[in-house]
Every structure is written in C-alpha cells, then in structure tokens.
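Below: the structure, in structure tokens.
As the structure is a prediction and not an experimental result, all values here were calculated from the model. Convention: sequence-line order gives letters A, B, ...; per-chain numbering from 1.
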Protein chains: 2
Amino acid sequence: MKPVPYPTIQRFPLYLEVIKQLQLAGIKTISATDIAQNLGFTNIQVRKDIGYTGIIGKPKIGYNIKELEKVITSFLGWQNTNDAILVGVGALGSALLGYKGFEDYGLNIISGFDVNKKIVGKKIHGKKILHIDDFESQVKLLKVSIGILTVNQSSAQQITDLMVKAGIKGIWNFSSENLKVPDDIVVQRENLSASLALLSVKLSHKFKTKQ
Amino acid sequence: MKPVPYPTIQRFPLYLEVIKQLQLAGIKTISATDIAQNLGFTNIQVRKDIGYTGIIGKPKIGYNIKELEKVITSFLGWQNTNDAILVGVGALGSALLGYKGFEDYGLNIISGFDVNKKIVGKKIHGKKILHIDDFESQVKLLKVSIGILTVNQSSAQQITDLMVKAGIKGIWNFSSENLKVPDDIVVQRENLSASLALLSVKLSHKFKTKQ
DNA sequence: CTTTAATCGATAAATATATATCGTTATAAA
DNA sequence: TTTATAACGATATATATTTATCGATTAAAG
Ligand SMILES: NC(=O)c1ccc[n+]([C@@H]2O[C@H](COP(=O)([O-])OP(=O)(O)OC[C@H]3O[C@@H](n4cnc5c(N)ncnc54)[C@H](O)[C@@H]3O)[C@@H](O)[C@H]2O)c1
Ligand SMILES: NC(=O)c1ccc[n+]([C@@H]2O[C@H](COP(=O)([O-])OP(=O)(O)OC[C@H]3O[C@@H](n4cnc5c(N)ncnc54)[C@H](O)[C@@H]3O)[C@@H](O)[C@H]2O)c1
C-alpha cells in the first residue's frame with residue numbers, strides 16, 4: 001500500500017466539517033465536487049484524497065454521506081475515543097481542557113496536571129487538576145498514550161522527558177520549544193507562529209501587488 | 001523573482017527560535033548545519049531556505065547570527081509591530097489576548113470585542129474589552145488590518161462579514177467554520193484538527209508497524 | 001428507448017518541494 | 001606556507017503533490 005500524503009490527512013478534517021454541515025441539512029449523498037466547492041479546492045484533489053479511504057462512489061451521484069463520514073473518521077482513528085492528559089493548566093491549557101469540540105476528534109482529555117498550588121485539586125470544566133508529582137503514576141495506571149503540552153517553554157523539555165518516562169507515545173506540543181524525544185515517540189507541534197508567518201507574508205504580498 | 005515556497009515560510013519561525021536560543025548562549029555566527037541539527041532537518045534544506053532572504057554567508061563559518069535574525073524577521077514583516085483586534089473573548093480568545101509571545105512576531109493585539117455583557121468594559125491582561133457594536137468604528141478609526149477570530153462557530157461567518165466591512169484585510173480564523181470572503185481578503189485558518197489528524201495517523205501507524 | 005451530462009476512478013502530465021552533487025572559499029591546523 | 005575541511009551557493013536530480021485527461025458508468029431528460 002502506498003502511504004497517504006500528509007496534506008491529504010490534513011484535509012480530511014475539513015471534509016468531515018463539510019459532511020457534518022450537509023448532513024444537518026438532510027443531504028444523503030455528496031460528491032467530490034460538492035466538497036471542493038465548499039472548501040475552494042479542485043474536485044480532482046478531493047476525489048483523489050477520498051480514494052485513499054477505499055470507498056466506492058457512484059458516477060453522477062457521489063458518495064453515501066454517512067458512509068463517507070465513517071471511512072474518513074475511521075481512517076483518522078477517530079471512531080473510538082482516545083484518552084489524553086494535559087500538562088500546564090494555564091490560560092491556553094484551560095481553554096483546551098474545556099473545549100467540547102475535541103469530542104468530534106475522538107479526543108478525551110481525562111485530566112490536567114500543574115505545579116501551581118492554587119489550581120491543583122480544583123476542577124476546571126469538570127476536569128480534575130492534579131499535581132505534576134502524581135503524573136507518572138496516573139499515566140501508567142490509566143495507560144494514557146497522548147499528552148498535551150501547554151507549560152511554559154522553560155519547562156517544556158523537562159515535562160516531555162517525564163511524559164516519555166511515563167509511557168506517553170504521542171505529544172501534542174503547544175509550546176515553541178524544539179523537543180528532543182526518542183525515535184519511537186511522535187511529537188506534533190501546534191505551530192501558531194508558522195500560521196501567523198503565512199498570514200503575514202500573504203498580506204504583505206497582497207499589499208505590494210495590489211496597490 | 002521566484003516566489004518563496006509556503007513550507008519555507010512556515011519554517012522561518014522555527015529558525016528564529018533556534019537563533020534566539022543560540023544568541024542567549026552568546027553565539028555570534030550560525031551555520032545551516034547548526035540550525036538543521038537543532039531541528040532535525042537537512043542542512044541543504046535550511047541553506048536553501050535561508051538563500052531566499054538574500055543573505056550572504058561565509059564558507060566554513062556560516063551566517064552572522066544577528067544579521068540572519070534580521071533578514072528573516074524582515075522577510076516575515078515582523079520587524080514592525082502590526083496591530084490586530086480580536087473578536088470573541090472566551091476561553092481561547094482570552095488566552096491569546098494575554099499571550100506575550102506574540103510580541104516576537106510583531107503582533108500587537110490592541111483590544112478584544114465581545115457581546116457578553118459580563119466582560120464588555122473590563123480589561124483582560126491589560127487589554128480593553130469593547131462591545132461588538134463598536135467594532136466597525138474602532139477598526140476604521142485605528143486602521144487595523146488584522147483580525148483574530150475566536151467566536152463560536154455559529155457566529156463566525158457573521159463576524160467575518162463584519163470584519164471585511166470594517167476594512168480588515170487578514171483574518172486569523174481559530175474557528176472550524178469555512179469562511180467565505182472576497183478575493184482580496186486573506187484568511188489563515190489555525191487548524192487544530194489538521195494537526196491532531198496528523199498526530200493520530202502517525203501514532204496508529206507506529207503502533208501497527210512497531211508491534 | 002436513446003441521448004445527455006455529471007461524476008467516478010485510473011492513468012498521465014505538470015508543478016512544487018526536497019535532496020544530492022560539485023566547485024569555490026575561508027579558516028584553522030599541520 | 002601549505003593542506004585539510006567545513007560550509008557556502010549554484011545547479012541538477014529525485015521525490016512528492018497537484019492537476020489534467022479520458023474512458024466508463026449511472027441517473028435523468030428527451
Ligand atoms: N496563551 C497563548 O495564547 C499561547 C499561544 C501559543 C503558544 N502558547 C504556549 O503555550 C504554553 C502555555 O501558555 P499559557 O499562555 O497558557 O501560559 P501560562 O503561564 O498561563 O500557563 C502555563 C502553565 O504551566 C504550568 N507549569 C509551568 N511549569 C510546569 C511544570 N514543570 N509542571 C507542570 N505545570 C507547569 C504553570 O503553572 C501554568 O499554569 C507556553 O509554552 C506558550 O508559549 C500559548
Ligand atoms: N477552546 C479551545 O481550546 C478551542 C480549540 C480550537 C478551536 N476553538 C474555536 O475557537 C472558538 C472559541 O472557542 P472558545 O472555547 O473560546 O469558546 P467560548 O464560548 O469560550 O468563547 C466564545 C466567545 O465568543 C463570544 N461571541 C459569540 N458570538 C459573538 C458575536 N456575535 N460577537 C462577539 N462575540 C461573540 C462569546 O460571548 C464568547 O465570549 C470556537 O469557534 C471554537 O470552535 C477553540
């Protein structure tokens with residue numbers, strides 16, 4: 001099997017969003033053209049992406065929308081709930097802890113960890129905040145494999161090491177630290193600066209060429 | 001001039017991060033190899049990226065670190081402060097309002113806007129929260145061109161329309177709505193789901209192949 | 001029943017991006 | 001001073017991704 005391109009994987013959640021929306025409108029079938037028009041992509045690209053899931057569409061009709069939702073969700077591994085823990089319950093960490101939207105992505109944040117005595121022991125959005133000293137035992141006990149990292153940059157590597165030691169396999173890194181991890185650990189950087197860089201450059205380019 | 005690839009633009013902030021770190025350590029020159037090793041890239045890629053800035057390096061030495069920082073920052077348009085406003089001062093919006101790190105990216109969030117009477121009129125992290133009814137006049141008055149969108153998905157398109165009407169040229173969209181905008185408006189989606197999709201797939205792939 | 005048009009899926013071509021090669025240059029060691 | 005080497009920058013190759021082409025299929029219109 002040929003590997004699925006990363007850009008394709010990143011577009012899948014966008015397709016799910018369109019699917020969700022059209023399903024609310026009562027629509028039963030959906031074509032690559034429908035999705036493409038909604039998102040501003042080419043239908044060829046969307047059709048090729050969908051092809052990776054193995055679903056069979058009907059000419060003139062498209063795909064069964066329920067089935068398409070299922071195969072994409074399944075491809076992403078979002079059909080089952082994946083447990084995660086979050087470290088660093090500050091401004092950003094609290095927002096993530098309380099975000100309901102993660103349910104759609106099969107992500108369930110069990111609890112948060114911090115050092116700050118003012119919040120340890122409390123609940124935020126119904127999630128218990130525990131002390132970082134209990135992190136390793138809790139993760140091992142609950143067999144959590146995903147860690148969300150929202151501590152200050154200065155603590156990021158240290159907490160990463162702790163996560164690895166506790167058995168975390170995937171780290172979603174919201175800090176700007178370049179984390180060092182063993183080969184078998186996956187780090188996904190949530191890179192606000194990269195996104196802002198694109199916005200900045202596109203904007204300045206527009207201003208230069210337009211006027 | 002050939003356009004600079006988007007992937008290159010997205011890597012530039014990572015290079016700045018390494019530069020910042022090495023500068024703290026007192027280092028005066030930096031090679032493409034240094035940066036590459038820090039980030040796990042190839043030195044060829046880093047050298048090519050840097051080439052787009054036009055900076056001249058010295059064989060055996062690399063680049064003057066101060067100069068390299070300057071040309072990358074300048075390329076991104078981050079040498080001057082760009083004013084922005086934020087709409088939707090909820091959990092995520094508050095976190096972004098208070099985030100000091102944006103200073104490094106030349107981004108200055110002037111104020112926040114919301115409809116919630118409980119927060120309108122207050123200050124969050126020193127930033128005034130105004131009512132959305134005053135949005136258009138304020139934006140026109142202050143000539144802000146960047147808008148940060150952190151409202152509920154259901155209000156996202158409506159606020160986008162308002163931003164466009166008020167003269168906003170670039171929208172940083174944190175909602176999962178597929179925004180419709182005129183051609184001359186730049187929308188940058190901050191796509192948590194795309195990032196999570198990659199993490200999910202990489203993880204499941206690791207588990208499948210490793211064990 | 002035949003024709004038309006939309007869309008699929010497979011294959012091919014084009015474009016974009018990453019990696020490799022190579023001659024040159026500047027430093028530091030011999 | 002000569003030699004060895006790290007790194008630059010330009011060019012070439014390889015890989016990845018997107019876009020185009022085309023025959024086949026199906027539903028709907030004529
Ligand atoms: N706030 C934002 O909008 C934003 C945007 C982009 C990136 N980030 C990054 O996200 C991270 C968090 O940002 P924030 O604004 O929420 O900061 P914050 O200071 O509000 O939160 C950091 C939290 O981490 C906790 N912490 C620190 N060291 C710890 C440790 N060793 N163990 C456990 N907990 C620890 C602190 O007690 C605090 O609660 C930072 O790395 C920041 O650069 C934040
Ligand atoms: N919280 C997260 O971690 C997170 C993660 C990813 C994406 N998002 C997205 O970011 C957005 C905000 O998320 P949140 O968790 O901060 O939600 P939230 O409910 O805490 O905040 C939304 C804010 O927008 C305000 N608002 C709503 N309609 C408005 C309008 N018409 N004009 C002005 N203000 C308005 C609300 O009063 C509220 O303060 C959502 O679209 C969400 O999907 C959030």
| said: Within the 4.5 Å heavy-atom criterion, are Ser195(A) and Gln188(B) side-chain neighbours or not? | reply: yes
| Rounded distance (Å) that lies between atom P of dT7(C) and atom CG of Asn64(A) | 16 Å
| With sequence neighbours excluded, residues passing side-chain hydrogen bond (donor to acceptor under 3.5 Å, both in side chains) with Asn38(B) | none
| task | Using the closest heavy atom to pick a nucleotide of DNA chain D for each, name whichever of Pro59(A) or Thr42(A) lands nearer the 5' end. | result | Thr42(A)
| request: Any pair with a residue in residues 84-104 of chain A that passes side chain to side chain donor-acceptor pair (under 3.5 Å), sequence neighbours left out, goes on the list, sorted by first then second residue, please. | output: Lys20(A)-Asp104(A)
| field | Atom NZ of Lys127(A): over 12 foreign heavy atoms under 6.0 Å | value | yes
Anything under 3.5 Å between a protein N or O and an N or O of nucleotides 28-30 of chain C, put it in a table, one pair a line.
none

| request: Quick one: closest heavy-atom pair of Thr160(B) and Lys180(B), and the distance? | output: CG2-O, 4.2 Å
| field | Asp49(A) CG to dA10(C) P, straight-line distance once rounded to whole Å | value | 15 Å
| Nearest-Å distance, CG (Asn43(A)) to P (dT19(D))? | 11 Å
| request: Please identify each residue that fulfils side chain to side chain contact (heavy atoms under 4.5 Å, CB included) with Ile61(A), with sequence neighbours left out. | output: Thr29(A), Lys58(A)
| query | Checking Asn173(B) side chain against Ser175(B) main chain: does a donor-acceptor pair fall under 3.5 Å? | reply | yes
| Under 6.0 Å between ring centres, would you say that holds for Trp172(A) and Tyr105(A)? | no
| task | Check the distance between dA16(C)'s P and Ile9(B)'s CD1 and give it to me in whole angstrom. | result | 14 Å
| query | Are Lys2(A) and Tyr52(A) in a cation-pi contact, defined as NZ or CZ under 6.0 Å from the six-membered ring centre and within 45° of the axis? | reply | no
| message | Below 4.0 angstrom, which residues in residues 25-40 of chain B have at least one non-hydrogen atom near DNA chain D? | response | Ser31(B), Ala32(B), Thr33(B)
Could you list the protein-to-nucleotides 9-17 of chain D atom pairs, N/O on both sides, closer than 3.5 Å?
unit_1	atom_1	unit_2	atom_2	d
dG9(D)	OP1	Gly57(B)	N	2.7
dG9(D)	OP2	Tyr63(B)	OH	2.8

| query | Relative to Phe135(A), does Lys140(A) satisfy both conditions: NZ or CZ under 6.0 angstrom from the six-membered ring centre, and within 45 degrees of the ring's axis? | reply | no
